There are 2 protein chains.
Amino acid sequence: MIGMTVATLPTSRRSASPRRRAPQIIEATAMVFAERGFHGATTQDIADVLGIRQASLYYYFSSKEAALELVCLRGVEGFFETGNAIAARPESAQKRLSLLISSHLSPMLDRGNFVKVFLNERQHLPAESRRRIGRWSRGLERIFEQVIEEGVAAGEFRAGLDARLVTLAVLGMCNAASSWYLKENKGVPAIAAEFSNLVIDGLAIRPAKRRPSRR
Amino acid sequence: MIGMTVATLPTSRRSASPRRRAPQIIEATAMVFAERGFHGATTQDIADVLGIRQASLYYYFSSKEAALELVCLRGVEGFFETGNAIAARPESAQKRLSLLISSHLSPMLDRGNFVKVFLNERQHLPAESRRRIGRWSRGLERIFEQVIEEGVAAGEFRAGLDARLVTLAVLGMCNAASSWYLKENKGVPAIAAEFSNLVIDGLAIRPAKRRPSRR
DNA sequence: GACTTATTCTATAGGTCGATAGATAGAATT
DNA sequence: AATTCTATCTATCGACCTATAGAATAAGTC
């Protein structure tokens, strides 16, 4: 039931062009980890998806934990950098927050399994890499937090709101998408738009729609 | 590093009053599962927390999976019922949604580990109980969805919003709390208030605060 | 004080899983 | 044609983990 995306690729012992196997191995690993969780998945499961023997995997990674680290790395890469770039733009906090939400959701499309594994399984990384990856996570949180605080300072956002809690709310909302975006039939742009509207304007009807002017 | 909450309770072989051990065993189980995940946790880990032998646990549950089911059950119980009760109240959709958010967050206080295990580990339940528990989950989603749709119909909420996406957003936001509410030093009421404000009114400043009148 | 019940113990079977070692065979390179 | 590289195989070891069987022990009850 697992091998539906990657499927048993090589029928004979040698078929794929050389030097092109590593990406497939990590892709299959991400898929299996995403589906069963790190400890719930066996290296045999991964090998089954690829149609090779369990021991052959160790040509590509030195341990199961190392494989998890590879997957997690591809799950976070880019988030921090693009987030930083967006936060530094000379636009309103509203606009930047919308962009942050959108860019946070977009990797679900092409790297959904990697993101999912990062979010759910990073706790099982060996201590060292967990700390390293955790630093990036906290960095991203701080980006959101700062944009929100700037929005308050600029008079765009409600005064008195708890920027930390709002950050956790927004990230929780976005990250949850990794667990349902495959089942629900919604495009990433539609999700991003709905989430932005929710966060910026809320559900309640506005007495008079007014574009906020920065002061 | 695990036994910090429950800690090694009985120093001698016999100490607790009889017929009172089962709640402690399931509590310890929830704690260990919450910390390491179902497959990452061993029955030995649970026994260590309780200060008993690994095999002794099987006096309380017939299998590790059965233990997971016990924990998950206590993780969901009440959610659906209280949700239904709130949705049926004769109040505005705004008020009911706020109450739903609040009641969804409150179990974090006393049953945080159970909720966390339910959210993260229910996928590892045997097929039958997973389906049964999944039904309750979907029921709760429908409650949120319906209140939101009623809010739109009543003119309280923006027309054209995607009630399904908003539901997933709100639940994702609330459920994420299970992973950080211990580290962050925020009370449940404060979280509920901030989340309600965010969902109902959004972050942006309102031109004129007006209590919505139902029509 | 004998009996019952709740709880924990010892000992171990049986299975699974990660990982290592060394062999093998096409493909690419020279 | 010889050599090197990439990728996979076979075979297996040792560790760990769940679960069972049956004995032992203490507390409460009659």
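Here the structure is a predicted model, which is why all the values come from computation and not from measurement. Chain letters run A, B, ... following the sequence lines, proteins first, then strands; residues in each count from 1.
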Contact list for residues 108-134 of chain A, test ring-ring contact (aromatic ring centres under 6.0 Å, His included), sequence neighbours left out: H39(A)-H124(A)
Y60(B) side chain near dA6(C) phosphate (N/O to OP1/OP2, under 4.0 Å): no
Any residue of residues 125-132 of chain A with a heavy atom less than 4.0 Å from an atom of DNA chain D: none
Length of the line joining R20(B):CZ and dA27(D):P, which is rounded to integer Å: 17 Å
Which residues share a salt bridge (Lys or Arg N to Asp or Glu O under 4.0 Å) with E149(B), sequence neighbours left out: none
dA6(C) phosphate, OP1 or OP2, under 4.0 Å from R21(B) side-chain N/O: no
Set of residues satisfying ring-ring contact (aromatic ring centres under 6.0 Å, His included) with respect to F79(B), sequence neighbours excluded: H104(B)
Distance in angstrom units between I26(B) CD1 and dT7(C) P, rounded: 14 Å
Test salt bridge (Lys or Arg N to Asp or Glu O under 4.0 Å) applied to R74(B) - qualifying residues, sequence neighbours left out: none
Spacing of Y59(B) atom OH relative to dT8(C) atom P, expressed in whole Å: 8 Å
N or O in side chain of S56(B) less than 4.0 angstrom from dT7(C) OP1/OP2: no
Side chain to side chain contact (heavy atoms under 4.5 Å, CB included) against T82(A), all qualifying residues, sequence neighbours excluded: S103(A)
Below 3.5 Å, can you tabulate the donor-acceptor pairs from side chains in residues 52-59 of chain A to any protein atom, sequence neighbours excluded?
unit_1: Q54(A); atom_1: NE2; unit_2: T43(A); atom_2: OG1; d: 3.2
unit_1: S56(A); atom_1: OG; unit_2: R53(A); atom_2: O; d: 3.4

Distance in angstrom units between I52(B) CD1 and dA6(C) C1', rounded: 13 Å
Distance, rounded to the nearest Å, where I46(A) contributes CD1 and dC17(C) contributes C1': 12 Å
Options dC9(C), dT8(C), dT8(D), nucleotide nearest the side-chain atoms of R53(B): dC9(C)
Annotated protein contacts, base or backbone, on nucleotides 16-22 of chain D with a non-hydrogen cut-off under 4.0 Å, one of B, S, - each: -SBBB--
Lys/Arg-Asp/Glu bridge criterion (N-O < 4.0 Å) met for R96(B), E150(B): yes
SB check E184(B) K186(B) (cutoff 4.0 Å): no
Counterpart residues, salt bridge (Lys or Arg N to Asp or Glu O under 4.0 Å), relative to E69(A) (two or more places apart): R132(A)
Separation of atom CD in Q24(B) from atom P in dA6(C), rounded to whole Å: 16 Å
